[in-house]
Asks: 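Structure below; questions to follow.
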Amino acid sequence: MPRSTPLRPADPSPSRPGRAQAVPVAWGIADVALILVFAASGRRTHEHGVTVAGVLETAWPFLLAYAAATLAVRAWRSPGAPWPTGVVLWVATVAGGLAVRALSGGGVALSFQVVTLIVLGAFLLLPRVVLRVVRRRRRPVA
């Protein structure tokens, strides 16, 4: 006797019309929040004071680069995809943020570049990779 499988809609968005628009927005909010956490953490570590103005002063080059990368890669099409969305957002945010920071007179010591690459890599890429792994493990075996 064949195994019965639960019926699931092929695309969940018809049953929840707002969900399709909410997912990219949620990823964008999460990414921006993590960039702000990165900036706040750096300011706290180096005892520069964690104020809203201070965090924004540190974060704005990376937020600008992230926004440009989001538009360039059209991240809203596959916001949770590690490749290419996550990798492009990560690399472009780091490279663009460091470039804007250097052009605006901010420090870009090699140690800061390495920390930026690692931390923003973990923040922007790791959640997407974890989501991908979790989704693959939830798929039913044929």
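In this text, all values refer to a predicted model and were calculated from it rather than measured experimentally.
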Asks: So which heavy atom on G97 is nearest to which on A65, and how close?
Replies: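 Answer, listing the atom of G97 first, then A65: N-CB, 3.3 Å.
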
Asks: Where do R101 and W60 land on the side chain to side chain contact (heavy atoms under 4.5 Å, CB included) test, with the steps shown first?
Replies: CA-CA 9 Å; R101 185 175 164 97; W60 79 264; over 6 Å; no

Asks: If you compare all heavy atoms of Y66 against all heavy atoms of G28, which two are closest, and at what distance to 0.1 Å?
Replies: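 The answer is OH-CA, 3.6 Å.
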
Asks: Mind checking whether L125 and I118 sit in one hydrophobic cluster, side chains of I, L, V, M, F, W, Y counted as touching below 4.5 Å?
Replies: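 No: no chain of side-chain contacts under 4.5 Å links L125 to I118.
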
Asks: Side chain to side chain contact (heavy atoms under 4.5 Å, CB included) for V134 and R138? Distances and angles first, verdict last.
Replies: CA-CA 6 Å; V134 168; R138 285 187 181 173; 3.8 Å; yes

Asks: Considering non-hydrogen atoms only, spot the tightest contact between A122 and P127 and give its length.
Replies: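 That closest heavy-atom pairing would be O-CD, 3.4 Å.
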
Asks: Is there side-chain contact between T58 and H48, with heavy atoms separated by less than 4.5 Å?
Replies: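 A side-chain contact under 4.5 Å is absent here.
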
Asks: Measure across V88 and A69 and return the closest heavy-atom pair with its distance rounded to 0.1 Å.
Replies: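 The answer is O-CB, 4.4 Å.
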
Asks: In the single-linkage hydrophobic clustering (I, L, V, M, F, W, Y; side-chain heavy atoms under 4.5 Å), do V50 and V52 co-cluster?
Replies: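 Yes.
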
Asks: Flag the pair F38 / F62 as yes when their ring centroid distance falls below 6.0 Å, and as no otherwise.
Replies: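 Between F38 and F62, the centre distance is under 6.0 Å.
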
Asks: Considering non-hydrogen atoms only, spot the tightest contact between W76 and P24 and give its length.
Replies: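 Result for this residue pair: O-CG, 3.5 Å.
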
Asks: So which atom in L36 and which in L56 form the shortest heavy-atom distance, rounded to 0.1 Å?
Replies: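 Closest approach of L36 to L56: CD2-CD2, 4.0 Å.
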
